[in-house]
Amino acid sequence: MQMFLTGKRALITGSTSGIGLAIARALAAEGAQVVLNGFGDADEIARLCDELGATHSGANLLKVDEIEAMMAEAGPVDILVNNAGMQHVAPVEEFPLDRWEMIIGLNLSAVFHTTRIAVPGMKEKGWGRIINTASAHSKTASPFKSAYCASKHGVDGFTKAVALELAQSGVTANCISPGYVWTPLVEGQIPDTMKARGMTEEQVKNEVLLAKQPTKRFVQVEEVGALAAFLCREEAGNVTGANWSIDGGWTAE
Ligand code: NAD
């Protein structure tokens with residue numbers, strides 16, 4: 001059976017774990033030739049490459065020369081998913097300067113660099129998909145997350161500008177904005193929070209982690225992968241400059 005991404009090459013940044021890996025799996029399942037990026041255990045990354053028939057770049061996206069080398073090695077990509085991201089939580093007046101630079105560098109500037117390099121090849125082919133993993137924090141804010149909110153609001157604006165520039169070229173650019181997603185990182189916070197607050201597991205989930213998520217259900221990484229795959233379909237060719245919430249209703253309030 002012909003899958004709809006057969007013959008397409010997709011680079012997904014930050015795809016050795018979590019949401020990026022789920023997006024890589026969803027695109028590979030539709031026949032895309034996948035390039036993974038991110039850090040992690042070498043054996044586990046080799047296993048993922050086997051599983052997905054993928055290649056891997058260990059480029060550190062905080063370094064422009066490493067981004068340029070990764071893009072050159074990947075060759076012209078049809079689908080670019082900018083997903084790598086990081087968080088740091090601190091009051092603005094105490095926010096560590098190096099954390100600010102890293103968050104803006106990874107969550108925002110790296111998105112600019114991969115995009116500027118990928119766009120000429122997409123324009124030449126008259127087809128392309130740029131998908132940026134933003135966050136509910138690209139639309140709303142929470143205290144102590146100033147760098148993260150600034151970077152994700154920045155990604156939203158950047159994506160819209162790129163979508164307008166490319167509107168007649170066959171290339172779309174969109175954001176996906178998850179709320180709280182069930183990842184090992186989130187799961188790992190539960191025991192400590194139970195202890196610190198004297199709460200049950202259910203209380204931690206509903207009253208702390210899912211306090212802002214009206215469905216009271218974590219987003220599943222597979223749900224994000226499915227949305228990314230939809231944005232790559234031909235039928236999504238007129239979907240551009242959009243910021244897709246997948247946040248259980250968080251930003252509807
Ligand atoms: P994760 O920590 O599981 O994965 C992050 C990935 O980025 C990993 O593959 C890691 O190796 C890679 N990475 C980190 N620093 C890098 C660097 N300097 N260069 C290259 N790769 C690097 O994170 P996740 O939860 O899957 O988050 C993925 C994206 O989704 C991020 O942009 C995050 O802001 C966003 N997001 C996550 C949630 C959530 O609840 N988990 C919610 C909204 C948005």
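Side-chain atoms are counted along with the backbone in the values below, which use heavy atoms only and exclude waters and symmetry mates. Remember, it's 1-based here, ligands and their atoms both numbered in the order they're listed. Values in this document were obtained by computation on a predicted structure and should not be read as measured data.
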Worksheet, complete the sentence: Asn37 heavy atoms within 4.0 Å reach ligand 1 at atoms 20 (C), 21 (N)
Worksheet item: What do you reckon, does Gly179 put a non-hydrogen atom under 4.0 Å from ligand 1?
Response: yes
Worksheet item: Taking only heavy atoms of Ala84, which atoms of ligand 1 are found under 4.0 Å from at least one of them?
Response: 7 (O), 32 (O)
Fill in: With Glu234 via side chain to side chain donor-acceptor pair (under 3.5 Å) - residues at least two apart
Trp127
Worksheet item: What residue and heavy atom of the protein are closest to atom 25 (O) of ligand 1, and at what distance?
Response: Thr183 CG2, 4.0 Å
Worksheet item: Any side-chain donor paired with an acceptor under 3.5 Å for Lys139 and Ser177?
Response: no
Fill in: Residue part near ligand 1, for Ala136, under 4.0 Å between non-hydrogen atoms
neither
Discussion item. With a 3.5 Å distance limit and no angle check, can you tell me whether Thr13 reaches the backbone of Ala84 through a side-chain donor-acceptor pair?
Written reply: yes
Worksheet item: For atom 23 (O) of ligand 1, is some protein heavy-atom partner under 4.0 Å away?
Response: no
Worksheet entry | Closest to atom 35 (C) of ligand 1 among Ser151, Ala134, Ala110 (heavy-atom distance) | Ala134
Response to the item:
heavy-atom search around atom 32 (O) of ligand 1 in the protein gives Asn83 O, 2.7 Å
Item to complete: Considering only non-hydrogen protein atoms, determine which one is nearest to atom 7 (O) of ligand 1 and report residue, atom name and distance to 0.1 Å.
Response: Gly14 CA, 3.3 Å
Worksheet item: Of all the heavy atoms in Ser177, does at least one lie under 4.0 Å from an atom in ligand 1?
Response: no
Worksheet entry | Ligand-residue contact atoms, ligand 1 with Leu61, heavy atoms, under 4.0 Å | 17 (C), 18 (N), 19 (N), 20 (C)
Worksheet item: Counting only heavy atoms not in Asn238, do more than 12 fall under 6.0 Å of its CG?
Response: no
Worksheet, complete the sentence: For Thr133, the ligand 1 atoms with a heavy-atom partner under 4.0 Å come out as 29 (C), 30 (O), 32 (O), 35 (C)
Fill in: Minimum-distance protein heavy atom relative to atom 18 (N) of ligand 1
Asn60 OD1, 2.9 Å
Discussion item. Just to check, does Ser15 reach to within less than 4.0 Å of ligand 1 when the distance is taken from its heavy atoms?
Written reply: yes
Worksheet item: Are the side chain of His56 and the backbone N or O of Gly38 linked by a donor-acceptor pair below 3.5 Å?
Response: yes
Discussion item. For Lys63, I'd like to know if atom NZ has over 12 heavy atoms of other residues, nucleotides or ligands within 6.0 Å.
Written reply: no
Practice prompt. Provide the number and element of each atom of ligand 1 under 4.0 Å from a heavy atom of Gly18.
Written response: 3 (O), 26 (O)
Worksheet item: Based purely on interatomic distance, does Leu106 place a nitrogen or oxygen under 3.5 Å from a nitrogen or oxygen of ligand 1?
Response: no
Fill in: Residue Glu51 excluded, over 12 heavy atoms near CD under 6.0 Å
yes
Discussion item. Any salt bridge linking Asp156 with Lys160? Criterion: basic side-chain nitrogen under 4.0 Å from a carboxylate oxygen.
Written reply: yes
Discussion item. Need the ligand 1 atom indices (1-based, order shown) with element for anything under 4.0 Å from a heavy-atom of Gly38.
Written reply: 11 (O), 21 (N)
Worksheet item: Does Leu166 reach the side chain of Thr240, with side-chain heavy atoms less than 4.5 Å apart?
Response: no
Practice prompt. Please say whether Thr16 places an N or O atom under 3.5 Å from an N or O atom belonging to ligand 1.
Written response: yes
Item to complete: Classify the side-chain pair Asn107/Ser151 by whether it contains a donor and acceptor separated by less than 3.5 Å.
Response: yes
Item to complete: Say whether His137 and ligand 1 are in contact under the criterion: heavy-atom distance to a ligand atom below 4.0 Å.
Response: no
Worksheet item: For ligand 1, is Gly105 a contact, meaning one of its heavy atoms is under 4.0 Å away?
Response: no
Item to complete: For atom 37 (C) of ligand 1, grab the closest protein heavy atom and report residue, atom and distance to one decimal in Å.
Response: Ile19 CD1, 3.5 Å
Worksheet, complete the sentence: Looking only at protein heavy atoms, what sits closest to atom 40 (O) of ligand 1 is Val181 N, 2.9 Å
Worksheet item: Of the options Lys125, Arg129, Lys8, which is the one that meets Asp78 in a salt bridge (Lys or Arg N to Asp or Glu O under 4.0 Å)?
Response: Lys125
Discussion item. Heavy atoms only, cut-off 4.0 Å: how does Lys152 contact ligand 1, side chain, backbone, both, or neither?
Written reply: side chain
Worksheet entry | Contacting atoms of ligand 1, where contact means under 4.0 angstrom from a heavy atom of Gly85 | 31 (C), 32 (O)
Worksheet item: In chain order, what residues pass the side chain to side chain donor-acceptor pair (under 3.5 Å) check against Thr159, with sequence neighbours excluded?
Response: Asn132
Worksheet item: When only distance counts, is Leu62 in polar contact with ligand 1, meaning an N/O pair under 3.5 Å?
Response: no
Discussion item. Side-chain heavy atoms nearer than 4.5 Å, only ILVMFWY residues, links allowed to pass through others: does that put Phe158 and Tyr148 together?
Written reply: no
Worksheet, complete the sentence: Min over Phe39, Trp182, Phe218 of heavy-atom distance to atom 17 (C) of ligand 1 lands on Phe39
Discussion item. Tell me the nearest of Gly40, Ser17, Ala24, Ala59 to atom 20 (C) of ligand 1, using heavy-atom distances.
Written reply: Ala59
Worksheet item: Looking at atom 43 (C) of ligand 1, what's its closest protein heavy atom, distance included?
Response: Pro178 O, 3.3 Å
Worksheet item: Quick one: does Tyr148 get within less than 4.0 Å of ligand 1, heavy atoms only?
Response: yes
Worksheet item: Hey, are Lys212 and Thr140 close enough side-chain-wise for a donor-acceptor pair under 3.5 Å?
Response: no
Fill in: For Tyr180, the ligand 1 atoms whose distance to one of its heavy atoms is below 4.0 Å
40 (O)
Discussion item. Can you classify the ring geometry of His137 versus Trp250 as parallel (below 30°), tilted (30 to 60°) or perpendicular (above 60°)?
Written reply: perpendicular
Practice prompt. Side-chain contact test, heavy atoms from C-beta onward, threshold under 4.5 Å: evaluate it for Arg217 versus Glu223 and give yes or no.
Written response: yes
Discussion item. Tell me whether the count of non-hydrogen atoms from other residues, nucleotides or ligands lying under 6.0 Å of CZ in Arg116 goes above 12.
Written reply: yes
